Amino acid sequence: MEDLNEILQQRRDKAQEMADLGVDLYSNTFKPLHGIADILPPEAAEDPDFALSAGEKTIAGRIMLMRSFGKAAFMTLQDSSGRGQVYIRKNDVGEDLFNIFNKLDIGDFIGCKGTLFRTQKGEPTLKISTFKHITKSLRPLPEKHQGLKDVEVRYRQRYLDLMVNPEVRDVFKKRGQIIRFIREYLEERDYMEVETPMMHPISGGATAKPFQTHHNALDMDLYLRVAPELYLKRLLVGGFDRVFEINRNFRNEGLSTRHNPEFTMLEFYQAYATYEELMELTEDMISALSMEINNTMVIEFEGQEVDLTPPWKRYTMDEALVEIAGIKQEILDDPEKIIAFAKENHIELDAKAGPGKAKMEIFDQFVEEKLINPTFITAYPTEVSPLARCNDDDPTVADRFELFVTGRELANAFSELNDPIDQRYRLEQQVEHRGEDEEIFPEVDYDFIRALEYGMPPAAGEGIGIDRLAMLLTNSASIRDVILFPHMRPETKK
RNA sequence: GGGCCGUUAACUCAGCUGGUAGAGUAUCUGACUUUUAAUCAGAGAGUCGCGCGUUCGAUCCGCGCACGGCCCA
């Protein structure tokens, strides 16, 4: 027998009493016809001249609040449209139903029929002519004013968080709108949505620690994908000129306010485009998205103002290091001095790391966090861009950009390398120069090389972190606030 | 992995110099047919995260562990 505390036991006792009165505690026969906030919109409460809809209304929802007067009561009901007030009187519903009403708990679902009116204080309200109990709640809801604050409970029991914290519901509604907007935006531009494998025999497309798994029937090891890139490019080879995928990537690395082991990426590829055209597209898409979601291009994030109005600032990596970090150009021009500079600044570098890697690490440490308004950084060292096309005039840098906003990387894009000989060489170099890290498994994907040998049209491709984009547009400090069920350690039994 | 902080009733939080625990909400009982943090009267509700230690005595001090948060790597 479960050991129940007082409140849980009282709820169960009341449930039994209701059952004894002939109430089906978990019925599924009531069909709501109206959304609560649709017939009782918040603006109607503000505006005394707002005309309430006439006729009988049929709603269903969870009881969030109750104010009882003995023979009458007000309740606040909540459904997916929002909240609204209902009024019940013993005279209106009769003694039998009112007895059942007296057994209701906050948290129960009920269905109500009635008509709309305004109370003496002007609050639009549904006057109940009859109601039906729909679902019993056996646990008490969190406190009605303070809500649920304990972040651990909010993440572990997100259903509670969503139930009682309307602003959390809004964040996830916006997340859905963001993804829908991006889909429509790309489809309008003749991009086709595709799905590529989540389980890869070779972990490729990015340098990251993968999760490993095993297929029993085939007796083969597999990796959860760290990026879909190599498969999407195969589709360019196959003849789909514009493709995109919005899906999960998995990286077996630490957790932080910006990292969850599974996260959502948009990747898209466009044949005959260059990284410069993708900068234009990115500016246009994200600024339009901000208008769609927040009706403004000037948003607040963590107390600072961020202006998403295009055009956005552009720097080459060297320009950013000189102008923002104040590093002398002569250091950047000399591979030995760059590595020495990194070491002087306590940046740990792998023994085989070259000047490009050092430059990137210096950038991460001295520049990244200072890029608050959206900023494109271009001319990345080719050394750290194994899948990108080299610049025609300066092959030491790649035709690549990354986008930074609020000190965070938001997007990474480049003109794609489509020379199979060069690609094979660069991937083999990557394997050869792999670090001492035992948890990454660099391996050349020779089928990808073979695909390039058939000929991939020139193209540009980009990845945008959807979670970080959602953070930006919902003013959320932690990635856990935009992921419905963020990764947590197992709950310890209390 | 390191540093700092947190964990007390279902929820939000107090708890002094170590002396065996409090409030509001929620719940229960009673009153109340237009409230909206409804009101009024009364009541019940706790393994003070877990373990060990110090002490006559630990929610409080020390050590360890678990979970979480923030910062750093």
Side-chain angles (χ1 to χ4, degrees), chain A residues 2-15 17 40 42 44-46 62-78 83-95 97-98 101-108 114-128 137-161 163-165 253-259 302 345-350 361 364-365 368-369 407 437 439 476-481 486-494:
Chain A
E2 207 179 346
D3 189 23
L4 298 175
N5 77 16
E6 187 191 32
I7 292 180
L8 298 187
Q9 188 57 55
Q10 282 168 349
R11 290 253 171 162
R12 277 166 164 74
D13 292 346
K14 273 168 105 178
E17 288 166 25
L40 296 166
E46 312 279 313
R62 187 190 293 276
I63 302 170
M64 300 303 291
L65 297 168
M66 198 168 344
R67 296 173 289 281
S68 175
F69 297 86
K71 295 190 181 67
F74 291 93
M75 288 180 280
T76 301
L77 297 192
Q78 174 171 284
R83 294 183 178 193
Q85 177 170 270
V86 301
Y87 180 55
I88 184 167
R89 288 202 312 179
K90 189 173 179 180
N91 287 2
D92 295 334
V93 299
E95 182 150 5
L97 256 189
F98 203 75
F101 161 77
N102 276 323
K103 304 279 182 220
L104 292 178
D105 279 311
I106 290 178
D108 287 3
T115 52
L116 301 181
F117 76 109
R118 279 184 193 271
T119 65
Q120 289 175 355
K121 299 280 172 62
E123 169 97 12
T125 302
L126 180 101
K127 185 186 231 177
I128 295 177
S137 169
L138 296 176
R139 289 178 179 270
L141 260 44
E143 212 266 349
K144 62 183 176 184
H145 312 121
Q146 304 287 344
L148 178 67
K149 291 184 172 170
D150 184 324
V151 288
E152 184 173 350
V153 178
R154 286 186 44 226
Y155 296 151
R156 287 193 196 279
Q157 296 178 258
R158 182 69 90 181
Y159 43 89
L160 269 185
D161 193 24
M163 202 185 294
V164 302
N165 294 327
E253 293 165 8
L255 285 72
S256 80
T257 50
R258 322 177 172 196
H259 299 90
E302 291 283 276
N345 286 283
H346 312 291
I347 292 170
E348 280 183 37
L349 286 175
D350 207 275
E361 295 289 336
D364 283 351
Q365 182 158 327
E368 183 168 333
E369 65 180 15
D437 199 326
E439 296 172 74
S476 299
S478 170
I479 196 168
R480 296 185 193 101
D481 292 325
H487 184 75
M488 304 282 276
R489 284 196 172 84
E491 194 171 1
T492 49
K493 251 194 166 173
K494 281 207 172 178

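Here is the naming used below: chain letters follow the sequence lines, and residue numbers restart at 1 for every chain. Any value given below was found using the heavy atoms of this structure, including those in side chains, with hydrogens, waters and symmetry copies removed. Predicted, not measured: the structure shown is a model, and the values here were computed from it.
Contacts of A:Glu143 with the nucleic acid, taken as non-hydrogen atoms under 4.0 Å apart, include base atoms. Nucleic acid contact for A:Gln85: base, since at least one base atom lies under 4.0 Å from a heavy atom of the residue. Looking at heavy-atom distances under 4.0 Å, A:Asp150 makes contact with sugar-phosphate atoms alone, never a base. Across all strands, A:Ser68 comes closer than 4.0 Å to base atoms (heavy-atom distances). No engagement by A:Lys90 is indicated, since no non-hydrogen atom pair under 4.0 Å with the nucleic acid exists. Looking at heavy-atom distances under 4.0 Å, A:Leu65 makes no contact with the nucleic acid at all. Residue contacts for A:Gly254: at a heavy-atom cut-off of 4.0 Å it reaches no nucleic acid atom on any strand shown.
The listed nucleotides are B:rA45, B:rU35, B:rU34; the one nearest the side chain of A:Glu123 is B:rU35. For A:Phe117, the listed nucleotide lying nearest its side chain is B:rU34; candidates were B:rU34, B:rU12, B:rA26. For A:Thr257, whose side chain is taken as the heavy atoms from C-beta onward, the closest listed nucleotide among B:rA10, B:rC71, B:rU35 is B:rC71. Side chain of A:Thr119, nearest nucleotide from B:rU33, B:rU36, B:rG68: B:rU36.
For the OP1/OP2 pair of B:rU36 and a distance below 4.0 Å, the side-chain nitrogens and oxygens of A:Lys121 include at least one atom meeting the criterion. Distances shown here put a side-chain N or O of A:Arg480 below 4.0 Å from the OP1 or OP2 atom of B:rG69. Side-chain nitrogen and oxygen atoms of A:Arg489 include none within less than 4.0 Å of the OP1 or OP2 phosphate oxygen of B:rA66. Close to B:rA10, at under 4.0 Å from its OP1 or OP2, lies a side-chain N or O of A:Asn5. Distances shown here put every side-chain N or O of A:Arg67 at or beyond 4.0 Å from the OP1 or OP2 atom of B:rU35. In this structure, A:Lys144 does not reach the B:rG24 phosphate: none of its side-chain N or O atoms is under 4.0 Å from OP1 or OP2. Side-chain nitrogen and oxygen atoms of A:Arg11 include none within less than 4.0 Å of the OP1 or OP2 phosphate oxygen of B:rA26.
Going from atom CD1 of A:Ile128 over to atom C1' of B:rU34 covers 14 Å, rounded to whole Å. Distance CD (A:Glu369) to P (B:rC72): 8 Å, rounded to an integer number of Å. Taking atom CZ on A:Phe69 and atom P on B:rU33, their separation rounds to 10 Å, with Å as the unit. A straight line from CG of A:Leu141 to P of B:rA26 spans 12 Å, rounded to a whole angstrom. For the pair A:Asn102 CG and B:rC28 P, the computed distance is 11 Å after rounding to whole Å. Rounded to whole angstrom, the span from the CG atom of A:Leu148 across to the P atom of B:rA26 amounts to 17 Å. Rounded to an integer number of Å, the gap from A:Asp13 CG to B:rC28 P is 11 Å. We find that CE of A:Met66 is positioned 15 Å from P of B:rU39, with the value rounded to whole Å.
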Please assess A:Asp13 against A:Gln9 for the test side chain to side chain donor-acceptor pair (under 3.5 Å), listing each intermediate value before the final yes or no. CA-CA 6 Å; A:Asp13 292 346; A:Gln9 188 57 55; 3.0 Å; yes

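Not a single donor-acceptor pair, N or O on each side, falls under 3.5 Å between the base of B:rU35 and the side chain of A:Gln120.
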How does RNA chain B look in dot-bracket form if you count Watson-Crick and G-U pairs under 3.5 Å, write [ ] for pairs that cross, and put | where a base pairs with another strand? (((((((..((((.....[..)))).(((((.......))))).....(((((..]....)))))))))))).

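A:Ser137 places a side-chain N or O within donor-acceptor distance of the main-chain N or O of A:Arg139, the cut-off being under 3.5 Å. Of the possible polar contacts, one joining the A:Asn5 side chain to the A:Ile7 backbone as a donor-acceptor pair under 3.5 Å is found.
Closest heavy-atom contact between A:Ile88 and A:Ile128: CB-CD1, 4.0 Å. For A:Ser256 against A:Ile479, the heavy-atom pair with the smallest separation is O-CG2, 3.7 Å. Of all the heavy atoms in A:Ala72 and A:Phe98, the pair that sits closest is N-CZ, 3.8 Å. Pairing each heavy atom of A:Glu17 with each of A:Lys103, the nearest pair is OE1-NZ, 3.0 Å.
The P atoms of B:rU55 and B:rG15 are separated by 29 Å, rounded to the nearest whole Å. For B:rC13 and B:rG49, the P atoms lie 15 Å apart once the distance is rounded to whole Å. B:rC16 and B:rC60 have their C1' atoms separated by 10 Å, with the value rounded to a whole Å. One P atom belongs to B:rA43, the other to B:rU47, and the distance between them is 22 Å to the nearest Å.
Ring geometry for A:Phe117 against A:Tyr87 counts as tilted: the plane angle lies between 30° and 60°, on a 0 to 90° scale.
Under the stacking definition used here (centres under 5.5 Å, planes under 30°), the residue A:Phe74 qualifies as stacked on the base of B:rU35.
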